[in-house]
Participant: 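I have a structure I would like to understand better, so I am pasting it below and will then ask my questions one at a time.
In what follows, chains carry the letters A, B, and so on, assigned in the order in which the sequence lines appear, proteins first and then strands, with residues in each chain numbered from 1.
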2 protein chains.
Amino acid sequence: MNTDRTTGLTHLRVTLSERFYIGPGRADLMELIAGTGSISEAARRMGMSYKRAWSLAQALNDGFGAPLIETARGGKGQGASLTPAGREVLERYRGMQEATRRAIARDVEALSALQSICLAANNT
Amino acid sequence: MNTDRTTGLTHLRVTLSERFYIGPGRADLMELIAGTGSISEAARRMGMSYKRAWSLAQALNDGFGAPLIETARGGKGQGASLTPAGREVLERYRGMQEATRRAIARDVEALSALQSICLAANNT
DNA sequence: CCTCGATATGTTCAACTAGACATATCGACT
DNA sequence: AGTCGATATGTCTAGTTGAACATATCGAGG
């Protein structure tokens, strides 16, 4: 099911409150909404149903307590977009992902090495 | 269902390979196994079924490719424990959690502040 | 050789989830 | 007024998941 939404090695979820968190999937969705200007198109590209994407958007807005994703129905200007707050949340999250990657790089490397050693020992 | 296995604000999952990853739940389970010397007791304390805990232990061992959790059946020395590799994996993971916490502290703070501002604006 | 506590493993049933469909709604534009 | 593309929402169904429940197994020690 999960086409690995991990963006590399680290899957980071930041919980701001009892009702709001952001992780790789939600961030990717926000990014695609910003890029395509449409929830349905973002859903297609993420390989999920429109309904699921819409529900996630709702969860983001409701959980945060203020709109992060705005929608407009009908006519030419219809579609979805990020609010300024939404853009900041996304940007911050990307920053945290990068900071985390840097912060744990050495440990990840060490774990990989440990695993290689164990695997080699098993083949003896 | 999920009694929040986040240990604070950050939920970090590190994917070492296609077949192995470690996150907060698996780390907690390993820690409890190390502490109690028993899978069943660890399961009880985490509020999960023995079977689920046992499956997780299997997934950890199988995924890593070498035993991280060892078990012994029968008699006095029976129970479960971490192998040296298991101890190192756990220790590294805790280190990465801490490093991540430090690395993103400022951003988390900024996001919290942003949320407060938005909530205040909504009450106007 | 029988007990005891813990591991090992299969089965079954309930709950949750996600996806598929099916519409309803909206509003600028022609 | 009618078209069109996208949002908004409900319903139904199938697949997944996990918790119970039920045993089987192990082996040191009394």
Participant: Using atom types as modelled and distance alone, determine if a side-chain donor or acceptor of B/Thr83 lies under 3.5 Å from a backbone N or O of B/Pro67.
Facilitator: yes

Participant: Rounded to whole Å, how long is the line connecting atom CZ of B/Arg52 with atom C1' of D/dT17?
Facilitator: 8 Å

Participant: Do nucleotides 21-29 of chain D as a string where each nucleotide becomes B, S or -: B if the base has a protein heavy atom under 4.0 Å, S if just the sugar-phosphate does, - if no protein is that close.
Facilitator: ----BBBB-

Participant: Rounded to whole angstrom units, what separation is found between the CD1 atom of A/Ile39 and the P atom of D/dG5?
Facilitator: 18 Å

Participant: Considering residues at least two apart in sequence or located in another chain, which fulfil the side chain to side chain donor-acceptor pair (under 3.5 Å) criterion with B/Asp107?
Facilitator: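 B/Asp107: side chain to side chain donor-acceptor pair (under 3.5 Å) contacts with A/Arg92.
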
Participant: With a 4.0 Å cutoff (strictly under), does any side-chain N or O of B/Ser40 reach OP1 or OP2 of C/dA6?
Facilitator: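 Answer is no, no contact under 4.0 Å.
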
Participant: Checking B/Thr36 side chain against B/Ser38 main chain: does a donor-acceptor pair fall under 3.5 Å?
Facilitator: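 Indeed, once roles are kept as given, a pair shorter than 3.5 Å links the two residues.
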
Participant: Surrounding CD of B/Glu98 (heavy atoms of other residues, nucleotides or ligands, distance under 6.0 Å), is the total greater than 12?
Facilitator: yes

Participant: Sequence neighbours excluded, which residues qualify as side chain to side chain donor-acceptor pair (under 3.5 Å) partners of A/Glu70?
Facilitator: none

Participant: Expressed as a whole number of angstroms, how long is the span from B/Ile33:CD1 to C/dT7:P?
Facilitator: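 So the CD1-P distance, B/Ile33 to C/dT7, works out to 9 Å.
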
Participant: Does B/Arg106 come within less than 4.0 Å of B/Glu109, counting only side-chain N to carboxylate O?
Facilitator: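 B/Glu109 and B/Arg106: not salt-bridged.
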
Participant: Which residue pairs pass the salt bridge (Lys or Arg N to Asp or Glu O under 4.0 Å) test with at least one member in residues 48-60 of chain B, sequence neighbours excluded?
Facilitator: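 Qualifying pairs: none.
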
Participant: Separation of A/Met48 atom CE from C/dA20 atom P, in whole Å?
Facilitator: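 Answer to the nearest Å: 12 Å.
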
Participant: Return no unless some side-chain N or O of B/Trp54 is found under 4.0 Å from OP1 or OP2 of C/dT7.
Facilitator: no

Participant: Does the side chain of A/Ile22 reach to within under 4.5 Å of the side chain of A/Met30, using non-hydrogen atoms?
Facilitator: yes

Participant: Can you tell me the distance, in whole Å, between the OH atom of A/Tyr50 and the C1' atom of C/dG19?
Facilitator: 15 Å

Participant: Contact list please: residues 56-67 of chain A against DNA chain C, heavy atoms, distance less than 4.0 Å, in numerical order.
Facilitator: none

Participant: With salt bridge (Lys or Arg N to Asp or Glu O under 4.0 Å) as the rule and sequence neighbours excluded, what pairs involving residues 30-43 of chain A come up?
Facilitator: A/Glu31-A/Arg94, A/Glu41-A/Arg44, A/Glu41-A/Arg45

Participant: Is the phosphate of D/dA6 approached by A/Thr71 (side-chain N or O, under 4.0 Å from OP1 or OP2)?
Facilitator: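 No.
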
